[in-house]
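First up is the structure itself, then whatever we jot down about it.
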4 protein chains.
Amino acid sequence: MTQLEAQDPARLGKREKTKAANQQAILDAARKVFAELGYGATTVRDIIRGTGLASGTFYNYFKSKEEVFQALMDESALRVRPALIQERLKATTFEEFLRGMFLVFFSYVVDDNRAYTMMRANSGQIRVRMDTPEVIAGFDELRVDIDDGIERGVVPNVDPEYLTAALIGIAFEMADRMVQRDDPDPIAAADFATALVVGGIDLVPHKK
Amino acid sequence: MTQLEAQDPARLGKREKTKAANQQAILDAARKVFAELGYGATTVRDIIRGTGLASGTFYNYFKSKEEVFQALMDESALRVRPALIQERLKATTFEEFLRGMFLVFFSYVVDDNRAYTMMRANSGQIRVRMDTPEVIAGFDELRVDIDDGIERGVVPNVDPEYLTAALIGIAFEMADRMVQRDDPDPIAAADFATALVVGGIDLVPHKK
Amino acid sequence: MTQLEAQDPARLGKREKTKAANQQAILDAARKVFAELGYGATTVRDIIRGTGLASGTFYNYFKSKEEVFQALMDESALRVRPALIQERLKATTFEEFLRGMFLVFFSYVVDDNRAYTMMRANSGQIRVRMDTPEVIAGFDELRVDIDDGIERGVVPNVDPEYLTAALIGIAFEMADRMVQRDDPDPIAAADFATALVVGGIDLVPHKK
Amino acid sequence: MTQLEAQDPARLGKREKTKAANQQAILDAARKVFAELGYGATTVRDIIRGTGLASGTFYNYFKSKEEVFQALMDESALRVRPALIQERLKATTFEEFLRGMFLVFFSYVVDDNRAYTMMRANSGQIRVRMDTPEVIAGFDELRVDIDDGIERGVVPNVDPEYLTAALIGIAFEMADRMVQRDDPDPIAAADFATALVVGGIDLVPHKK
DNA sequence: AATGAATGAGCGTTCATTCAT
DNA sequence: AATGAATGAACGCTCATTCAT
């Protein structure tokens, strides 16, 4: 039943339709208020207030505030990670590897900058960035790829932890500025970041 | 403390001494528990418990939990900013400028990593990073210096906002990994970061 | 159930049959979970979960959680009361009267100790006993019978209220212990209780 | 300090005085509403509403609803238990033993019938009796004494568990009626209960 | 200035009940 | 009649802040 109806969303009963709509409404509202207030300051009531639903209804869809937050982060990470993996697989040079990765990330950020600002939400004057397990896992994969690349000689033999850190730092911080521009250009940003790292990597102290 | 002062009440105005000591005691206790529990999970009672003072007394020194947090962050930034300014002033090349800046920052982070881990406190599975106004201001100054350097021809003519972002991203993210090492080496980290940027900057798209 | 009825939908009005079956299913499930969790801790969802019905359906049969509880207690009391009345009617001596009453009660408790433990459900460390109107009514009848017995000279002329109270106290408290024994013996319990009261009643202060 | 001041309650600082007064106010209010509504139906807000204090203040004195309930029951039990123990110790015959015990219990109930009605609170139509660990412990002591008495030949050799149950049942149920009389007479009640048991015990089946 | 009890808004969450389907 | 999602009042409890002492 579920399967049959899932094939054609238009044929869903009214009940199923509102259920799906409510689920999405909660996710959307949560994304918005988490972005505005940050995780800590956000209350469940803040979230449901943005949906017009009753407070109890929240708990028909998510077991807790943390669960909806996780769902949101996973939703985001799930969208980038496969693309990042693709890029890494098809890269044959370090430059391709970098450019692919930066481009995917910056493009995702532009497409979905609401989810992104959530990670960067500032409550009051304090800038906050939150990395959830899915996000951390994504970065761990990058680290593995870099280790692998060093072994295969594709990536210069530099401190892999620092390199990973530098890439992540560049990616997030630049993305932050990019999305605040009038006409964000992921390609230009990826070019910038790629060039910086590709050009610099050779001067970085290599392990003997 | 009470005992020591009781030995020589005449030495100096007890009031003033106690006031300064209490202020500092609160800051010290706050630094400690914010680092342990993170901002959100820390209660005012957690802070004053570490001082032996009464909860109400907290409010003689700080208007709110947020204010003591700000004071703490400012205190930290106040220690780095003058040093960062010094470095920028005495730099004659872009490389000197970068190395000086990274070294000051990484050294500060190692010296005072309690304050730093506070910015990185994680609650549950979620990593959180908090940048306060003073820190942000410190980096805004960096931006001004970069603009200035470009004008004077010392810094290559690249997108200054992206460059600033890249430097900040590299600095914070690398610092994060560095402090978790057994024997953190700010010089090595500064060398790595400096080489990366110095080497790469020429390949980065220049403005006409 | 659904399957059985599907085999012969014509046999009898499906409606009526289902209605009665559902009503009983709710009562059965309620008896079970009230016994397990106690009244306070039991939720309507706990009850209907044991029936396969939907939560809203509960309210087609009972107006509230309290109503189903009352129905349950009444159902129990309804089973004992007629038997108790029988015993009282056929008793010709005080001893017969007592033995009959205790035996009926202890037998009922053993047969239906689920309903009985419900009255004794404990939440945490706290033992709770609940007596509902029907049960109370049952014992009020006992009082009437005792008054009557005194008037007719069958029951010694002692304080009838205290006598009723003593009988009730003995009955409930002994039943409590009896059901926790490996092999509960209502006859032995009735003998014990009867002997205690029959033997003692003569020493009890009589009214002039 | 505490000791010195405890010697003269009149010399207590205002703070200590209100603290003690509030503690007592909460206990009093709790006793009252538990008696009215029963444990399950009573909310912390119901309790503090009866004191004029703020809801949070409750938690300065008791960690939870359960804790205040326990405190209340212990307070009661603590008052009877020592007296009951005294009576048992000084009894040389079974009759003395019984009379002493019943008299202490009935007297206590009359003196403090608010605490007692709590154990008998009815919520709606449902009579509830709650026995807390302290109360249960008190009954366990009775059981031990009975076992002991049987061994020493002071108490007839009947089923000790049933005998304990019967005594407890008689005590509680009779107390219940007694307190509702215009002029409760603990001595008369104790005479009644003692006579009933003393007279009956010989007819009760003895173990061979 | 220091104290710490009092305050009460607000939290995350539950659940008896209603009602659109 | 049956469904089960929606409702929202109420729960136990926390804690930043106030204020009488």
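The chains referred to below are lettered A, B, ... by the order of the sequence lines, with proteins before strands, and numbering in each begins at 1.
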Measure the distance from [atom1] on [X] to [atom2] on [N] and round it to the nearest whole Å.
X: B/F58; N: F/dC19; atom1: CZ; atom2: P; answer: 17 Å
X: A/Q23; N: F/dA6; atom1: CD; atom2: C1'; answer: 15 Å
X: B/E67; N: F/dT17; atom1: CD; atom2: P; answer: 10 Å
X: C/F62; N: F/dA2; atom1: CZ; atom2: C1'; answer: 16 Å
X: C/K65; N: E/dT14; atom1: NZ; atom2: P; answer: 15 Å
X: A/K19; N: F/dT3; atom1: NZ; atom2: C1'; answer: 12 Å
X: C/D46; N: E/dT14; atom1: CG; atom2: C1'; answer: 12 Å

Check: C/R45 side chain, E/dT14 base, donor-acceptor under 3.5 Å:
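A donor-acceptor contact between them is absent.
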
Between which residue ranges does DNA chain E form stems of three or more consecutive Watson-Crick or G-U wobble pairs, both distances under 3.5 Å?
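Listed by first number, the stems are E:2-21 with F:2-21.
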
Report the nucleotide, chosen from E/dT17, F/dA5, E/dG12, that has the shortest atom-to-atom distance to any side-chain atom of A/T43.
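That would be E/dG12.
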
Keeping the roles fixed (side chain from [X], backbone from [Y]), state whether a donor-acceptor pair exists under 3.5 Å.
X: D/E67; Y: D/K63; answer: yes
X: D/Q70; Y: D/E66; answer: no
X: D/K32; Y: D/L27; answer: no

Determine whether [X] and [Y] make a side-chain contact, defined as any pair of heavy atoms from C-beta on separated by less than 4.5 Å.
X: B/F34; Y: B/V68; answer: yes
X: D/T51; Y: D/F58; answer: no
X: C/L53; Y: C/N22; answer: yes

For DNA chain E, determine which residues of residues 48-57 of chain A have any heavy atom closer than 4.0 angstrom to one of its atoms, and list them numerically.
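Result for residues 48-57 of chain A: A/G56, sorted by number.
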
Flag for C/T43-C/D46: side-chain donor and acceptor within less than 3.5 Å:
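Yes, a side-chain donor-acceptor pair sits under 3.5 Å.
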
Considering just the side-chain nitrogens and oxygens of [X], establish if one lies under 4.0 Å of OP1 or OP2 belonging to [N].
X: A/N60; N: F/dA6; answer: yes
X: A/S64; N: E/dG12; answer: no
X: C/Y59; N: F/dA2; answer: no
X: A/N22; N: F/dA5; answer: no

Enter the distance from C/D28:CG to C/Q23:CD here, rounded to the nearest 0.5 Å.
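One gets 10.5 Å once the value is rounded to the nearest 0.5 Å.
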
Check the pair A/Y61, A/Q24 against side-chain contact (heavy atoms from CB on, under 4.5 Å), reporting the backbone distance first and the verdict last.
CA-CA 10 Å; A/Y61 293 95; A/Q24 200 52 53; over 6 Å; no

Would you classify C/Y61 as touching base, sugar-phosphate or nothing, given that sugar-phosphate means primed atoms plus P, OP1 and OP2, and contacts are heavy atoms under 4.0 Å?
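Sugar-phosphate contact only.
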
